[in-house]
Amino acid sequence: MRYLVLALATVAALLPGPASAAPAAAAADPAARTTTCATTASSGIRPVGARFDVLGREFRVVRVRRTASGAIGTPPVTKAGKKMVGWDRQVRPGAGVGSVILDAHTWPDGSALGNSLLRTLRAGHTFSLRAADGRTVCYRVHARRSYPAARVPRAKAFRDWGSEQAVIVVCSGRRLGPGKWTRRTVWYAVPLAVVPR
C-alpha cells in the first residue's frame, strides 16, 4: 500500500459488508492469554507509541489529518513510515467515547507494520497506546473483520459516539496498484479497566 488515504477516500459513502473472522483460533493462542498491557490513564491521552504484545515491541504513533473529503490520513510513505501507526486525532484514547481510529501501511513486499498485523493480530490479543508522560490505555481485540474496500461499515467503525473502542484499519486482499487494494481488514478492540499505579 502506498497511500491508504487514497484507499479510504470513499469512507463517507461506505456501506456495511460481509465479515470474516476466526476468534476461536485466538482463544488457543498463548499470546492471547499473556499480556504486558495495563491501562494507567484515567482520561484521554495523546499517544506517541503503540505496543502490540503479539509483536513484542512498540511502534511510533503519528497524528494524521483527514482530507477535505473526510478520508483518514496515513503515516508518511517512507522507510520509517511503514513501521508507524497513524492516529486520527478526533478521538483520544482513554476519553471513554467514540472510536479511536488507527491505521498502518501495507506494502506489497510484506515489510510494513500492516503486513505484520495481518499475519499475527487476532481476537484476544492486546495492545496499548502510550502518552509521552508514560500513561497508557490498553485494549483487547474482540473481533477481526475483512470488508470489500468500499464497504467498511462507517457507522460501526468510525463513530464519535457510544462507548469507547479502538479500530485499526489496514489495506488487505489483492493489490491493484499504488494505494489500491481490494479489501480492508479492521480490528475492533475494547479498552481495559484502569490499573492503579
Side-chain angles (χ1 to χ4, degrees), residues 4-5 8 11 26 30-67 70-106 111-118 120-144 157-170 185-197:
L4 182 59
V5 63
L8 294 179
V11 71
R33 299 190 300 271
T34 304
T35 178
T36 58
C37 197
T39 294
T40 60
S42 57
S43 60
I45 65 169
R46 174 181 168 180
V48 297
R51 178 182 173 83
F52 296 91
D53 284 341
V54 71
L55 297 179
R57 61 166 288 197
E58 183 177 278
F59 299 85
R60 182 181 172 194
V61 173
V62 293
R63 291 186 298 172
V64 295
R65 296 180 182 274
R66 292 198 180 187
T67 67
I72 301 163
T74 65
V77 183
T78 62
K79 184 176 180 180
K82 73 177 181 177
K83 294 293 185 179
M84 294 178 183
V85 176
W87 166 54
D88 179 68
R89 56 187 179 174
Q90 293 192 10
V91 175
R92 289 195 173 210
V97 179
S99 295
V100 176
I101 304 171
L102 308 167
D103 60 19
H105 287 300
T106 303
S111 64
L113 174 56
N115 303 97
S116 296
L117 296 176
L118 288 168
T120 62
L121 192 61
R122 300 288 185 271
H125 290 169
T126 55
F127 65 93
S128 59
L129 299 175
R130 178 184 59 81
D133 64 5
R135 291 181 301 145
T136 61
V137 181
C138 185
Y139 298 90
R140 185 176 303 279
V141 176
H142 68 83
R144 170 178 166 150
F158 309 130
R159 56 179 174 77
D160 58 5
W161 50 268
S163 58
E164 181 178 343
Q165 66 175 354
V167 295
I168 304 171
V169 183
V170 304
T185 296
V186 180
W187 291 264
Y188 298 90
V190 293
L192 300 184
V194 175
V195 176
R197 299 177 81 170

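Heads up: numbering here begins at 1 and tracks the sequence. Just so it is clear, the structure is predicted and the values come from calculations on it, not from any experiment.
The two residues Val100 and Leu129 come nearest to each other via the heavy atoms CG1-CD1, 4.1 Å. Ser99 and Val91 make their closest contact through O-CB, 3.2 Å (heavy atoms, listed as atom of the first residue, atom of the second, distance). Among all heavy-atom pairs drawn from Glu164 and Gly96, the shortest one is OE1-N, 2.8 Å. Here the shortest heavy-atom pairing between Arg122 and Trp187 reads N-NE1, 4.4 Å. In terms of heavy-atom proximity, Tyr139 sits nearest to Cys37 at N-SG, 4.0 Å. Residues Val85 and Ala50 share a closest heavy-atom pair of CG2-CB, 4.0 Å.
Two residues are said to be in side-chain contact when any heavy atoms from C-beta on lie closer than 4.5 Å; Phe158 and Ile72 meet this criterion. Taking the side chain as every heavy atom from C-beta outward, Leu117 and Phe127 never approach each other to under 4.5 Å. For the pair Ser116/Leu55, a side-chain contact is recorded, criterion being any heavy-atom separation below 4.5 Å from C-beta on.
Here CD1 of Ile45 is found 9.0 Å from OG1 of Thr39. Values are rounded to the nearest 0.5 Å. We find the CG-CE distance between Leu102 and Met84 to be 14.5 Å, quoted to the nearest 0.5 Å.
Put simply, the residue from Pro93, Ser43, Ser42, Ser128 that forms a side-chain contact (heavy atoms from CB on, under 4.5 Å) with Val137 is Pro93. Tested against Ile101, the residues Arg159, Arg66, Gln90 include a single side-chain contact (heavy atoms from CB on, under 4.5 Å) partner, Arg66. Of the options Leu118, Val186, Asp103, a side-chain contact (heavy atoms from CB on, under 4.5 Å) to Val170 is made by Leu118 and by none of the others.
A donor-acceptor pair is defined here as one N or O able to donate and one able to accept, closer than 3.5 Å; no such pair exists between the side chain of Thr136 and the backbone of Arg130. Side chain of Lys82 to backbone of Gly114: no donor-acceptor contact under 3.5 angstrom is found. A distance-only check finds a donor-acceptor pair linking the side chain of His105 to the backbone of Pro75 [under 3.5 Å]. Here the side chain of Arg144 pairs a donor or acceptor atom with the backbone of Leu121 at under 3.5 angstrom.
Atom CZ of Arg60 sits in a sparse spot, with 12 or fewer heavy atoms from other residues, nucleotides or ligands closer than 6.0 Å. No more than 12 heavy atoms of other residues, nucleotides or ligands shown are found within 6.0 angstrom of CZ on Arg46.
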